[in-house]
Asks: 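The following block contains the structure, expressed as structure tokens.
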Amino acid sequence: MSSNIVWHEASVTKEERRSQNKHQSFILWFTGLSASGKSSIANAFARQLYERRNQAFVLDGDNVRHGLNKDLGFEEAGRKENIRRIGEVAKLFIESGQIVLTAFISPYREDRQVVRVLVEDGEFIEVFVKCSVETCEKRDPKGLYKKARKAEIANFTGVSAPYEEPENPEITLDTEHHTIEECVQQLTSILTSKGYI
């Protein structure tokens with residue numbers, strides 16, 4: 001890092017933005033296997049937040065790799081850098097007073113912890129989108145599991161690369177036994193009861 005870089009304080013604080021928005025700003029970090037329902041829940045919940053006039057934005061794994069992280073691969077180092085960058089972007093959203101919903105497999109506990117410590121206590125909510133690899137593979141909307149089983153995709157989480165389930169997530173949503181709509185209702189109920197929204 002250059003020694004000539006100096007942090008410039010913002011003229012509008014995070015607290016002022018939260019006050020204007022009338023809600024907290026925080027990260028909802030959706031983690032789970034491919035096809036578990038992370039993006040579907042995040043986007044359905046974002047629509048609900050929008051209708052409530054909450055300021056929110058979804059950072060989706062595939063979408064981010066089309067731009068910001070298009071230079072990264074799927075080997076361990078590339079995955080770690082992918083999550084590090086997203087953590088820094090998510091932190092900016094918190095500072096802007098918004099709710100940021102991140103839908104990333106983020107297979108390694110250590111990488112998720114790196115993001116957690118970037119922000120203040122209570123600003124990182126880990127949401128484990130729980131679904132067995134067998135069910136995810138049956139869904140396989142993008143045909144990725146099929147390709148991974150044929151060794152056409154290397155380092156595929158749940159097949160040829162590991163997924164480390166969260167040990168103590170703030171929220172667990174079971175998409176194997178509940179619909180997207182039911183999971184969104186559960187999420188709304190939990191966050192409302194805790195005063196986040």
Asks: Could you go through E110 and K80, starting from their C-alpha distance and side-chain angles, then the distance that decides it, and tell me whether this counts as salt bridge (charged side-chain N to carboxylate O under 4.0 Å, His left out)?
Replies: CA-CA 9 Å; E110 180 184 1; K80 286 181 175 295; 3.6 Å; yes
Asks: Answer yes or no: are there more than 12 heavy-atom neighbours, outside F57 itself, under 6.0 Å from its atom CZ?
Replies: no
Asks: Below 4.0 angstrom, N of the basic side chain to O of the carboxylate: do D140 and R149 qualify?
Replies: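 Between R149 and D140 there is no salt bridge, as every charged N stays at least 4.0 Å from the carboxylate O atoms.
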Asks: Quick one: do T157 and R79 satisfy side chain to side chain contact (heavy atoms under 4.5 Å, CB included)? Show the steps, please.
Replies: CA-CA 11 Å; T157 305; R79 287 177 183 268; 3.1 Å; yes
Asks: Kindly compute the distance separating SG (C183) from CZ (F45), expressed to the nearest 0.5 Å.
Replies: 12.0 Å
Asks: What about F156 and Y145, are their ring centers closer than 6.0 Å?
Replies: yes
Asks: When you compare the side chains of H177 and D174, does any donor N or O come within less than 3.5 Å of an acceptor on the partner?
Replies: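 A donor-acceptor contact under 3.5 Å links the two side chains.
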Asks: Looking just at side-chain N and O atoms, do S106 and D111 make a donor-acceptor pair shorter than 3.5 Å?
Replies: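 No, no side-chain donor-acceptor pair sits under 3.5 Å.
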Asks: Just checking Q20: does its CD atom have more than 12 heavy atoms from other residues, nucleotides or ligands closer to it than 6.0 angstrom?
Replies: no
Asks: When you look at R112 and E126, which way does the salt bridge (charged side-chain N to carboxylate O under 4.0 Å, His left out) test go after all the steps?
Replies: CA-CA 8 Å; R112 299 191 298 265; E126 188 173 44; 2.7 Å; yes
Asks: Check the pair K14 / E120 against salt bridge (charged side-chain N to carboxylate O under 4.0 Å, His left out), numbers first and verdict last.
Replies: CA-CA 12 Å; K14 174 172 61 178; E120 295 179 20; 3.2 Å; yes
Asks: Identify, with sequence neighbours excluded, every residue that meets side chain to side chain donor-acceptor pair (under 3.5 Å) alongside R65.
Replies: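 Per chain and number, R65 pairs via side chain to side chain donor-acceptor pair (under 3.5 Å) with no residue.
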Asks: Nearest 0.5 Å, what's the CG-CD1 distance between L118 and I27?
Replies: 7.5 Å
Asks: Any luck finding a side-chain donor-acceptor pair between R18 and S25 under 3.5 Å?
Replies: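 Checked: R18/S25 side chains pair up, N/O donor to acceptor below 3.5 Å.
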Asks: Kindly assign one of parallel, tilted or perpendicular to the pair F104 and W29, based on the angle between their ring planes and the thresholds 30° and 60°.
Replies: parallel
Asks: Go through the steps for E81 and R85 under the test salt bridge (charged side-chain N to carboxylate O under 4.0 Å, His left out), then give the verdict.
Replies: CA-CA 6 Å; E81 177 60 12; R85 289 183 194 177; 2.8 Å; yes
Asks: State whether a side-chain donor-acceptor pair under 3.5 Å links T192 with S189.
Replies: no
Asks: Taking atom types as modelled and ignoring hydrogens, do the side chains of Q48 and T188 form a donor-acceptor contact shorter than 3.5 angstrom?
Replies: yes
Asks: What's the verdict on side chain to side chain contact (heavy atoms under 4.5 Å, CB included) for L49 and I197, showing C-alpha distance, side-chain angles and the deciding distance?
Replies: CA-CA 9 Å; L49 290 171; I197 59 174; 4.0 Å; yes
Asks: Could you check whether atom CG of D121 has more than 12 heavy atoms from other residues, nucleotides or ligands sitting under 6.0 Å from it?
Replies: no
Asks: Measure from the ring center of F26 to the ring center of F124 and say whether it is less than 6.0 Å.
Replies: no
Asks: More than 12 foreign heavy atoms under 6.0 Å from CD of E51: is that the case here?
Replies: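 Yes - once you tally the heavy atoms of other residues, nucleotides and ligands closer than 6.0 Å, there are more than 12.
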Asks: Kindly determine whether I86 and V64 satisfy side chain to side chain contact (heavy atoms under 4.5 Å, CB included), including the steps that lead there.
Replies: CA-CA 8 Å; I86 294 311; V64 169; 3.4 Å; yes
